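Read the structure below first, then the notes.
All values reported here derive from a predicted model rather than from experimental measurement. All residue numbers in this chain count up from 1 along the given sequence.
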Amino acid sequence: MHDPNRKFPAAVAWLGYGGLLPFVGTAVMIRLDPQSADLWSRALIGYGAVILSFVGALHWGFAMAAPGLDGGRRDRTYGWSVVPALLAWPAMLLPARQGALLLVLGFVLHLVQDHWLARRATLPGWYLPLRWRLTVVAGLSLLAGASWAINVPAT
């Protein structure tokens, strides 16, 4: 079912890892540009919300096409696919720290759902290792950015 040694397709590696640049970049900018920390925090939370919604949509695609899902599991996969967007939206309305924590929770819950789905459907062997890496870097970026934004001295 899953071959962790299987290489990622080149496009997947470029797009997946390239998609981490806004996470890391905006988190670093919060630290380097404290006068604009609010702007960078909003950019970080906004990007995190977009990406969390995107990973939820992956499960919609899997529900439509993944072999090995019976009707009930397929319906649950469709149902889960909208939950990340429902977590992402309020995260953009919260202060940076709470928004970041809600997004991290969403990414972790989605990773749990990825594992649930991988036990029930045939997914590419590279999918879970990639999702782990992307989730860790995105989560750490969100937490670091939120922490740095909180510690910015008032001007």
Side-chain angles (χ1 to χ4, degrees), residues 1-30 40-149:
M1 174 142 76
H2 298 289
D3 179 6
N5 297 316
R6 183 166 174 220
K7 289 187 71 152
F8 305 152
V12 170
W14 277 103
L15 294 168
Y17 294 130
L20 293 175
L21 293 175
F23 278 112
V24 174
T26 53
V28 168
M29 289 307 297
I30 292 167
W40 293 116
S41 294
R42 286 184 287 138
L44 176 59
I45 299 300
Y47 184 71
V50 168
I51 296 303
L52 183 57
S53 296
F54 170 80
V55 297
L58 292 172
H59 280 231
W60 186 279
F62 289 140
M64 289 191 305
L69 293 176
D70 63 30
R73 288 184 175 144
R74 196 168 301 281
D75 289 346
R76 284 189 293 280
T77 303
Y78 279 125
W80 168 260
S81 73
V82 300
V83 171
L86 294 173
L87 293 173
W89 175 52
M92 295 189 320
L93 303 173
L94 294 170
R97 183 176 188 181
Q98 290 87 348
L101 291 174
L102 184 56
L103 290 173
V104 170
L105 174 66
F107 281 114
V108 169
L109 289 174
H110 191 75
L111 189 58
V112 169
Q113 287 299 117
D114 282 337
H115 281 272
W116 177 89
L117 183 61
R119 287 191 302 273
R120 289 156 180 83
T122 303
L123 302 179
W126 49 261
Y127 181 76
L128 285 177
L130 178 67
R131 288 286 303 121
W132 265 99
R133 292 176 187 137
L134 298 178
T135 298
V136 167
V137 174
L140 290 175
S141 295
L142 285 160
L143 293 174
S147 172
W148 291 333

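- No side-chain donor-acceptor contact under 3.5 Å links H110 to the backbone of P84.
- Between L103 and A88, the shortest heavy-atom contact is CD2-CA, 4.0 Å.
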Pair V83-L109, side-chain contact (heavy atoms from CB on, under 4.5 Å): steps then yes or no: CA-CA 10 Å; V83 171; L109 289 174; 6.0 Å; no
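- Interatomic distance, CZ of R133 versus CG of L20, reported as 11.5 Å (0.5 Å rounding).
- Here the shortest heavy-atom pairing between A146 and A96 reads CB-O, 4.0 Å.
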Could you go through Y17 and V137, starting from their C-alpha distance and side-chain angles, then the distance that decides it, and tell me whether this counts as side-chain contact (heavy atoms from CB on, under 4.5 Å)? CA-CA 10 Å; Y17 294 130; V137 174; over 6 Å; no
Take L142 and F107 through the test side-chain contact (heavy atoms from CB on, under 4.5 Å) and record every step on the way to the result. CA-CA 11 Å; L142 285 160; F107 281 114; 3.9 Å; yes
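- Considering only residues two or more places apart in sequence or on other chains, Y127 meets the side-chain hydrogen bond (donor to acceptor under 3.5 Å, both in side chains) condition with D114.
- Between W40 and V28 the shortest side-chain heavy-atom distance does not fall below 4.5 Å.
- Rounded to the nearest 0.5 angstrom, F62 CZ and L69 CG are separated by 10.0 Å.
- Between I30 atom CD1 and S141 atom OG the span is 9.5 Å, to the nearest 0.5 Å.
- Considering every non-hydrogen atom in both W148 and A27, the closest pair reads CE3-O, 3.1 Å.
- Proximity of L44 to M29: side-chain heavy atoms (C-beta onward) are nowhere separated by under 4.5 Å.
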Go through the steps for W132 and T135 under the test side-chain contact (heavy atoms from CB on, under 4.5 Å), then give the verdict. CA-CA 5 Å; W132 265 99; T135 298; 5.9 Å; no
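- Between Q98 atom CD and I45 atom CD1 the span is 10.0 Å, to the nearest 0.5 Å.
- Using cut-offs of 30° and 60° for the angle between ring planes, the W126 and F8 rings count as perpendicular.
- The minimum heavy-atom distance linking P22 with G19 is given by the pair CD-O, 3.4 Å.
- Checked by atom type and distance alone, the side chain of R74 pairs as donor or acceptor with a backbone atom of A66 at under 3.5 Å.
- Within a 6.0 Å sphere centred on CZ of F54, heavy atoms belonging to other residues, nucleotides or ligands number 12 at most.
- How far CG of L117 is from CG of L128: 8.5 Å, rounded to the nearest 0.5 Å.
- Side chain of S53 to main chain of A49: a donor-acceptor pair is present (N/O by atom type, distance under 3.5 Å, no hydrogens or angles).
- Considering CG of L101 and CZ of R97, their distance stands at 6.5 Å, rounded to 0.5 Å.
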